[in-house]
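Everything numeric in this text was worked out from a predicted model, so none of it was measured. Atoms within each ligand, like the ligands themselves, are counted from 1 in listed order.
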Amino acid sequence: MRPPHEPDLELRDKLIRSLGAFREMLPGSFVERQRACGRPNCHCADGKRLHSQYQISVLMDGKPKTLNIPAALVEKVRQKIEMRRRFDAAAATICGVNLKRFLKEKEDHPA
Ligand SMILES: [Zn+2]
C-alpha cells in the first residue's frame, strides 16, 4: 500500500537530501570594492580606472572582519557564500513545514 501523498513531506525530504551539496558553504557577504594600488605609473592613478578588490565581510568571534579574497579564489568563494544563502532558505522551508506539522499535532493534544 502506498502511503498517502504528502507534498510537504516530499518537499522536506528533497531539501534534506540537498543539504549535503552545501557542505562547502562560507559565512558572510561578498563585497566588491574599487581601489587604487598606489603605484604612480599604474592606470589606476587617474582615480577612475581602479582595481576591483573582492572581500568577504564576516563576523569572526562576534567581531566584524573584512578578508581579502585572492583573485584565483574569487569565483569559488562567491559560490560558497551563495551556498549559505540557499542553505538558509532550505532550512527556513524545512522549519516552516515542521511548524505546520506541529500546529496540526497540537490539535490532537488539547492543553
Ligand atoms: Zn593600480
Side-chain angles (χ1 to χ4, degrees):
M1 197 178 92
R2 279 170 66 87
H5 184 64
E6 294 198 63
D8 273 3
L9 292 189
E10 284 172 18
L11 173 63
R12 189 179 68 175
D13 285 352
K14 190 176 148 238
L15 289 170
I16 289 286
R17 285 194 301 270
S18 76
L19 294 182
F22 305 136
R23 64 171 59 81
E24 297 285 348
M25 64 186 169
L26 278 170
S29 47
F30 186 88
V31 178
E32 177 179 358
R33 275 191 215 297
Q34 302 297 318
R35 65 176 188 93
C37 67
R39 284 176 302 175
N41 296 328
C42 184
H43 62 73
C44 71
D46 66 5
K48 293 184 189 118
R49 289 169 298 153
L50 298 171
H51 302 273
S52 285
Q53 170 68 63
Y54 298 94
Q55 299 169 322
I56 302 180
S57 175
V58 66
L59 287 178
M60 287 175 74
D61 301 321
K63 295 190 188 103
K65 299 271 182 201
T66 303
L67 311 171
N68 289 335
I69 307 171
L73 301 181
V74 165
E75 202 39 50
K76 208 154 65 172
V77 168
R78 189 204 300 269
Q79 286 170 16
K80 289 179 177 188
I81 292 172
E82 169 64 14
M83 277 179 200
R84 170 62 181 275
R85 200 192 57 73
R86 286 157 59 205
F87 177 86
D88 285 350
T93 302
I94 291 166
C95 285
V97 167
N98 290 340
L99 185 60
K100 223 159 91 182
R101 289 169 63 75
F102 166 68
L103 291 173
K104 219 164 144 191
E105 209 179 0
K106 215 164 98 71
E107 286 171 11
D108 302 331
H109 298 84

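Partners of F22 under the side-chain contact (heavy atoms from CB on, under 4.5 Å) rule, at least two apart in sequence or in another chain, are S18, L19, M25, M83, R86, F87. The side-chain contact (heavy atoms from CB on, under 4.5 Å) search around N41 returns none, not counting sequence neighbours. Shown here are the side-chain contact (heavy atoms from CB on, under 4.5 Å) partners of R17, two or more places apart in sequence or in another chain: D13, K14.
Within the protein, the number of N, O or S atoms lying under 2.8 Å from the Zn ion (ligand 1) is 4.
Clustering ILVMFWY residues whenever any of their side-chain heavy atoms sit less than 4.5 angstrom apart, transitively, puts F30 in the very cluster that holds L26.
With contacts defined as side-chain heavy-atom distances shorter than 4.5 Å, the pair I94/R12 qualifies.
The number of heavy atoms from other shown groups lying within 6.0 Å of CG (D61) does not exceed 12.
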